[in-house]
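Beneath this line is the structure, given in structure tokens, with notes to follow.
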Number of protein chains: 2
Amino acid sequence: MSADPIALAESHWTDHGWAHSAPGMRLVTTITRVQQLLHQRIDDLLRPDLTFARYEILMLLAFSRRGALPMSVIGSRLQVHAASVTSAVDRLERDGYVTRERVESDGRRVLARITSAGRKRAKAATDVLNREVFDDVGLPTATARKVTVDLDRVRAHLGDACDAERE
Amino acid sequence: MSADPIALAESHWTDHGWAHSAPGMRLVTTITRVQQLLHQRIDDLLRPDLTFARYEILMLLAFSRRGALPMSVIGSRLQVHAASVTSAVDRLERDGYVTRERVESDGRRVLARITSAGRKRAKAATDVLNREVFDDVGLPTATARKVTVDLDRVRAHLGDACDAERE
DNA sequence: ACTAGATACTTTGACGTCCAAGTATCTAGA
DNA sequence: TCTAGATACTTGGACGTCAAAGTATCTAGT
């Protein structure tokens with residue numbers, strides 16, 4: 001019997017009469033585990049002043065035309081809750097990578113703006129992540145692309161608007 | 001241009017000269033997003049008394065020979081930090097699904113034991129998750145298996161001991 | 001001109017993640 | 001017999017997730 005906890009769980013599923021659900025269960029658990037490993041690795045590389053969540057916000061701002069975006073747009077683009085954006089931007093502001101300013105023409109809106117220290121940190125973080133994570137995820141590029149296409153179908157199935165719907 | 005935030009990010013990556021890293025970045029971000037969607041869906045189905053983390057512990061105990069396991073074994077099997085096990089078992093105990101008892105022969109060890117209410121809840125939760133998530137993840141079974149195999153290679157690459165190492 | 005409803009953001013709280021530190025117990029070796 | 005080092009678990013804290021609620025601002029319609 002395998003020592004892999006996920007393979008073990010699949011065996012249990014089958015033994016208990018849920019063979020039909022076992023492949024789906026194994027895929028879901030595997031996705032959860034891979035995400036956990038990736039995030040541990042990425043957070044290790046970005047420590048102590050960045051996490052993946054904060055890094056994503058910095059990159060979004062770095063890519064934007066004026067280096068600033070309303071908080072609601074950040075939440076929408078990263079597909080996270082407004083409260084999560086508030087929390088992460090709080091820390092980026094604390095560390096001097098971002099500033100916040102109210103939009104004069106619409107008092108409801110807050111712009112998060114990347115600072116030059118933030119741009120510099122974003123660049124350094126990207127260099128590390130490209131080199132240590134993204135350049136080699138353990139699959140040949142063609143396979144990585146194929147897995148992404150398949151996972152886009154899972155995203156579409158779960159309600160995400162993504163490119164899988166255009167195929 | 002695509003409205004998919006992840007596809008957009010890949011375009012930015014390529015535009016900034018990081019084309020080599022772009023497929024890896026897209027896969028990593030897609031895995032993160034799929035995991036987020038899956039967990040939102042699963043937690044919605046298990047609310048209000050279970051989360052995926054707690055459900056996994058219940059299933060581990062339900063599958064075990066005596067319906068009880070030391071906390072350290074739970075952490076090891078689920079590959080989470082001991083403090084996370086403490087937190088989740090606290091809540092399972094609060095809700096009457098699990099009890100805790102110190103091992104007489106080894107005072108360091110605490111056994112978590114599933115109660116009959118816990119078994120019943122685990123069964124009901126499995127029925128719901130099998131029907132609503134695992135039976136149809138948006139991919140044909142053969143494709144789901146193939147993606148799992150590929151993600152196992154990513155796990156192995158990141159240091160997990162799993163079946164990918166035996167192939 | 002006014003207001004109900006919508007939008008934007010923050011705050012509070014629960015949750016589970018990990019890290020670091022603390023407490024309790026066990027054990028191999030001297 | 002004793003103790004240093006190891007093991008097991010809990011606690012405190014930071015973090016980011018979401019839900020719910022609160023506060024502030026905007027706007028379409030009357």
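Source: prediction; values computed, not measured.
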Task: Neighbours of DNA chain C within residues 45-56 of chain B, by heavy-atom distance under 4.0 Å - done: B/Thr51, B/Ala53, B/Arg54
TODO: Figure out the CZ/C1' separation between A/Arg109 and D/dT27, and round it to whole Å.
DONE: 14 Å
Task: N/O (side chain, B/Gln40) to phosphate O (OP1/OP2, D/dT17) under 4.0 Å - done: no
- [ ] Check every nucleotide of DNA chain C for an atom under 4.0 Å from a heavy-atom of chain B, then give the first and the last such nucleotide from 5' to 3'.
- [x] C/dC15 to C/dC26
Open item on the list: Regarding B/Asp150 and A/Lys146, does a basic nitrogen lie under 4.0 Å from an acidic carboxylate oxygen?
Closed with: no
TODO: Examine D/dG16: is either OP1 or OP2 under 4.0 Å from a nitrogen or oxygen in the side chain of B/Gln36? Give yes or no.
DONE: no
Task: Residues within residues 83-98 of chain B bordering DNA chain D, heavy-atom distance below 4.0 Å - done: B/Ala83, B/Thr86
Sequence neighbours left out, cut at 3.5 Å: what donor-acceptor pairs do the side chains of residues 58-72 of chain B make with other protein atoms?
unit_1: B/Ser64; atom_1: OG; unit_2: B/Leu61; atom_2: O; d: 2.8
unit_1: B/Ser64; atom_1: OG; unit_2: B/Gly67; atom_2: N; d: 3.1
unit_1: B/Ser64; atom_1: OG; unit_2: B/Ala68; atom_2: N; d: 3.3

Open item on the list: Running the 4.5 Å side-chain criterion over Ile, Leu, Val, Met, Phe, Trp and Tyr, what cluster does A/Leu111 land in, apart from itself?
Closed with: A/Val103
Task: Residues clustering with A/Ile6 (ILVMFWY side chains joined when closer than 4.5 Å, directly or via others) - done: none
- [ ] Could you tell me which residues satisfy side-chain contact (heavy atoms from CB on, under 4.5 Å) with B/Ser87, sequence neighbours excluded, listed by chain and number?
- [x] B/Arg91
Open item on the list: Give the residues of residues 99-108 of chain A touching DNA chain C, defined as any heavy atom closer than 4.0 Å, sorted by residue number.
Closed with: A/Arg100, A/Arg108
TODO: List in numerical order all residues of residues 66-74 of chain B for which some heavy atom is under 4.0 Å away from an atom belonging to DNA chain C.
DONE: none
Task: Set of side chain to side chain donor-acceptor pair (under 3.5 Å) partners for B/Glu56, sequence neighbours left out - done: none
Could you list the donor-acceptor pairs under 3.5 angstrom formed between side-chain atoms of residues 41-55 of chain B and any protein atom two or more places apart in sequence or on another chain?
unit_1: B/Asp43; atom_1: OD1; unit_2: B/Phe52; atom_2: N; d: 3.0
unit_1: B/Asp44; atom_1: OD1; unit_2: B/Arg47; atom_2: NH1; d: 2.7
unit_1: B/Asp49; atom_1: OD1; unit_2: B/Arg121; atom_2: NE; d: 3.3
unit_1: B/Asp49; atom_1: OD1; unit_2: B/Arg121; atom_2: NH2; d: 3.1
unit_1: B/Asp49; atom_1: OD2; unit_2: B/Tyr97; atom_2: OH; d: 2.5
unit_1: B/Asp49; atom_1: OD2; unit_2: B/Arg121; atom_2: NE; d: 2.7
unit_1: B/Thr51; atom_1: OG1; unit_2: B/Arg54; atom_2: N; d: 3.3
unit_1: B/Arg54; atom_1: NH1; unit_2: B/Asp49; atom_2: O; d: 3.1
unit_1: B/Tyr55; atom_1: OH; unit_2: B/Thr126; atom_2: OG1; d: 2.8

Task: Any residue meeting side chain to side chain donor-acceptor pair (under 3.5 Å) with A/Asp135, in chain and number order, not counting sequence neighbours - done: B/His20, B/Ser21
